[in-house]
**Student:** 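Starting off with a structure, shown below.
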Amino acid sequence: MRTQFTSLPGGTWLLGDLTVARFGYGAMQLAGPGVMGPPADHDNALAVLREVIDLGITHIDTSNAYGPRVTNQLIREALHPYPESLHIVTKVGATRDQHGGWPPARQPEDLRRSIHENLDTLGLEVLDLVNLRLGNAAGPQPGSLTEPFETLVELQKQGLIRHLGVSNVTPEQVAEARSIAPIVCVQNLYNLAYRNDDGVIDMLAEASIAYVPFFPLGGFSPLQSSVLSTVAGRLDATPMSVALAWLLQRSPNILLIPGTSSTAHLRENVAGAGLSLSDEDLAELDKIGPA
Ligand SMILES: NC(=O)c1ccc[n+]([C@@H]2O[C@H](COP(=O)([O-])OP(=O)(O)OC[C@H]3O[C@@H](n4cnc5c(N)ncnc54)[C@H](OP(=O)(O)O)[C@@H]3O)[C@@H](O)[C@H]2O)c1
């Protein structure tokens with residue numbers, strides 16, 4: 001029997017009717033280089049996923065585009081049949097080309113196929129939460145999301161999806177989605193050094209909608225800052241722990257999905273994110289990424 005931690009930093013949040021620990025896990029880093037192909041060490045990837053569950057994490061973020069199919073298949077191999085408490089969140093709206101690019105796949109037939117592929121690779125009959133991912137690698141792009149979002153609403157009505165969210169979106173697109181159907185989360189780029197969404201976070205908090213920052217540790221170029229290192233040194237903590245603790249303290253509707261391919265980093269991040277940042281620490285950290 002695996003040891004279960006009873007509490008994770010940040011407590012819990014309700015995604016619609018699904019209770020999740022605010023400290024989750026992003027599976028993207030488990031695929032091969034450039035998020036293409038299998039991991040260098042298959043057994044290590046399975047071990048990371050099993051450690052996620054052992055630590056009490058109940059929210060895993062993935063996509064069939066990671067690998068493609070690789071992270072979904074690893075999640076299934078490591079964890080199926082899934083614990084009842086686990087909620088796997090996936091995203092649709094982009095596919096992969098042979099160069100590792102992420103071309104959009106947002107036509108109704110692309111989205112229907114992608115939902116069925118996610119169900120198949122994850123070994124599920126219903127997806128707990130699906131994010132419609134828009135924009136491109138440069139970030140959110142303006143434009144209507146009505147057609148693709150209505151397609152997902154239709155699939156939700158068919159019973160294939162429990163809850164909907166949107167990702168890589170502008171504030172206008174968040175409002176447009178909410179005018180069509182309820183959403184339970186927005187997943188956008190945000191971290192200590194990149195704070196474009198401060199207004200969106202506060203607006204969503206008032207509406208009890210989760211904000212799930214991707215690249216919470218800086219993504220492919222992990223955060224590096226002398227201010228962050230100084231604050232971490234003073235607290236006898238790692239810079240990554242401080243970056244995660246800062247997000248948990250930033251707003252109660254922020255859910256963490258930091259990625260790692262290392263069980264040691266995973267444990268370190270969970271252990272460290274519970275540290276309490278003082279007003280002085282926060283003021284100093286504010287110098288890194290002014291709104
Ligand atoms: N919606 C979207 O468009 C979108 C886009 C990108 C990502 N995402 C989601 O967001 C999740 C998080 O993003 P991410 O994983 O790309 O970036 P991230 O969480 O910001 O950072 C991951 C990087 O940080 C490193 N790291 C983690 N813990 C560390 C530690 N304690 N010490 C040193 N380095 C550490 C990892 O390396 P190691 O592997 O060596 O630990 C990895 O290189 C993804 O897994 C994915 O699910 C969504």
Side-chain angles (χ1 to χ4, degrees), residues 23-35 39-41 44-45 47-49 51-52 55 57 59-68 70-72 74-75 87-96 101-106 118 129-141 165-170 173-174 185-194 197 210-225 228-229 232 237-247 254-273 275:
F23 198 110
Y25 173 71
M28 188 175 81
Q29 302 289 343
L30 292 181
V35 201
D41 185 342
N44 173 67
V48 170
L49 286 162
E51 185 72 18
V52 161
L55 289 167
I57 289 172
H59 169 199
I60 297 181
D61 187 77
T62 185
S63 167
N64 214 38
Y66 297 162
V70 169
T71 59
N72 280 8
L74 287 168
I75 290 168
H87 301 296
I88 300 174
V89 178
T90 191
K91 61 188 79 64
V92 293
T95 185
R96 303 305 296 277
W102 305 78
R106 297 173 197 146
N118 273 285
L129 168 50
V130 175
N131 283 309
L132 173 64
R133 185 202 184 260
L134 296 171
N136 56 33
Q141 304 295 321
V166 285
S167 175
N168 208 25
V169 284
T170 64
Q173 288 163 337
V174 173
C185 71
V186 172
Q187 186 178 118
N188 272 6
L189 171 53
Y190 183 84
N191 57 44
L192 246 182
Y194 187 90
D197 265 355
Y211 184 88
V212 187
F214 73 75
F215 294 163
L217 298 173
F220 295 107
S221 314
L223 292 168
Q224 278 187 316
S225 142
L228 179 57
S229 299
T238 66
M240 295 306 175
S241 304
V242 174
L244 294 173
W246 179 82
L247 283 169
I254 288 188
L255 307 184
L256 302 183
I257 52 163
T260 180
S261 54
S262 147
T263 45
H265 284 170
L266 178 65
R267 285 191 208 112
E268 183 184 305
N269 293 345
V270 169
L275 63 91

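Numbering of ligands and ligand atoms starts at 1, following listing order.
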**Student:** Which residue from Val186, Ile257, Leu256 reaches closest to atom 10 (O) of ligand 1 through any of its heavy atoms?
**Tutor:** Ile257
**Student:** Hey, does Tyr66 sit under 4.0 Å from ligand 1 if you only count heavy atoms?
**Tutor:** yes
**Student:** Please report the shortest heavy-atom distance between Gly272 and Ser241, naming the atom on each side.
**Tutor:**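 Distance-wise, the nearest heavy atoms are CA-OG, 3.4 Å.
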**Student:** Going by atom types only, do Tyr211 and Asp197 share a side-chain donor-acceptor pair under 3.5 Å?
**Tutor:**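 Yes, Asp197 and Tyr211 have a side-chain donor paired with an acceptor closer than 3.5 Å.
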**Student:** So is Asn269 close enough to ligand 1, meaning a heavy atom under 4.0 angstrom away?
**Tutor:** yes
**Student:** Which residue from Gly259, Ser261, Pro222 reaches closest to atom 43 (O) of ligand 1 through any of its heavy atoms?
**Tutor:**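 Among Gly259, Ser261, Pro222, the closest heavy atom to atom 43 (O) of ligand 1 belongs to Pro222.
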**Student:** For ligand 1, which is the ligand I care about here, please tell me if Met28 has any N or O atom under 3.5 Å from one of the ligand's N or O atoms.
**Tutor:**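 It does: an N or O of Met28 is found under 3.5 Å from an N or O of ligand 1.
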**Student:** Please give me the minimum heavy-atom distance between His59 and Val212, naming the atom from each residue.
**Tutor:**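 So the two residues come closest at CE1-CG1, 4.4 Å.
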**Student:** Heavy-atom pairs closer than 4.0 Å: do any link ligand 1 to the side chain of Ser241, the backbone, both, or neither?
**Tutor:** neither
**Student:** So, Thr62 and Thr71: side-chain donor and acceptor under 3.5 Å apart, yes or no?
**Tutor:**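 Thr71 and Thr62 do have a side-chain donor-acceptor pair below 3.5 Å.
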**Student:** Got an N/O contact under 3.5 Å between Gly26 and ligand 1?
**Tutor:**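 Looking only at distances, the answer is yes, because the N/O contact criterion of under 3.5 Å is met.
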**Student:** Give a yes or no on whether the ring-centroid distance for Phe214 and Tyr190 is below 6.0 angstrom.
**Tutor:**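 No, the ring centres sit 6.0 Å or more apart.
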**Student:** Does any N/O atom on Leu217 come nearer than 3.5 Å to any N/O atom on ligand 1?
**Tutor:** yes
**Student:** Could you list which atoms of ligand 1 come closer than 4.0 Å to a heavy atom of Ala27?
**Tutor:**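 Every atom of ligand 1 under 4.0 Å from some heavy atom of Ala27: 45 (O), 47 (O).
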**Student:** Can you tell me if Thr238 contacts ligand 1 (heavy atom of the residue under 4.0 Å from the ligand)?
**Tutor:** no
**Student:** Ignoring angles and geometry beyond distance, decide whether Ser262 reaches within less than 3.5 Å of ligand 1 through its nitrogen or oxygen atoms.
**Tutor:**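 By distance alone, the answer is no.
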**Student:** Would you say the side-chain atoms of Gln187 and Asn168 include a donor-acceptor pair closer than 3.5 Å?
**Tutor:** no
**Student:** State, to 0.1 Å, how close Leu30 and Pro39 come at their nearest heavy-atom pair, and which atoms those are.
**Tutor:** O-CB, 3.1 Å
**Student:** Given Gln29, Glu268, Gln187, Arg267, which one has a non-hydrogen atom that is nearest to atom 42 (C) of ligand 1?
**Tutor:** Gln29
**Student:** For ligand 1, which part of Asn168 has a heavy atom less than 4.0 Å away: the side chain, the backbone, both, or neither?
**Tutor:**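 Neither part.
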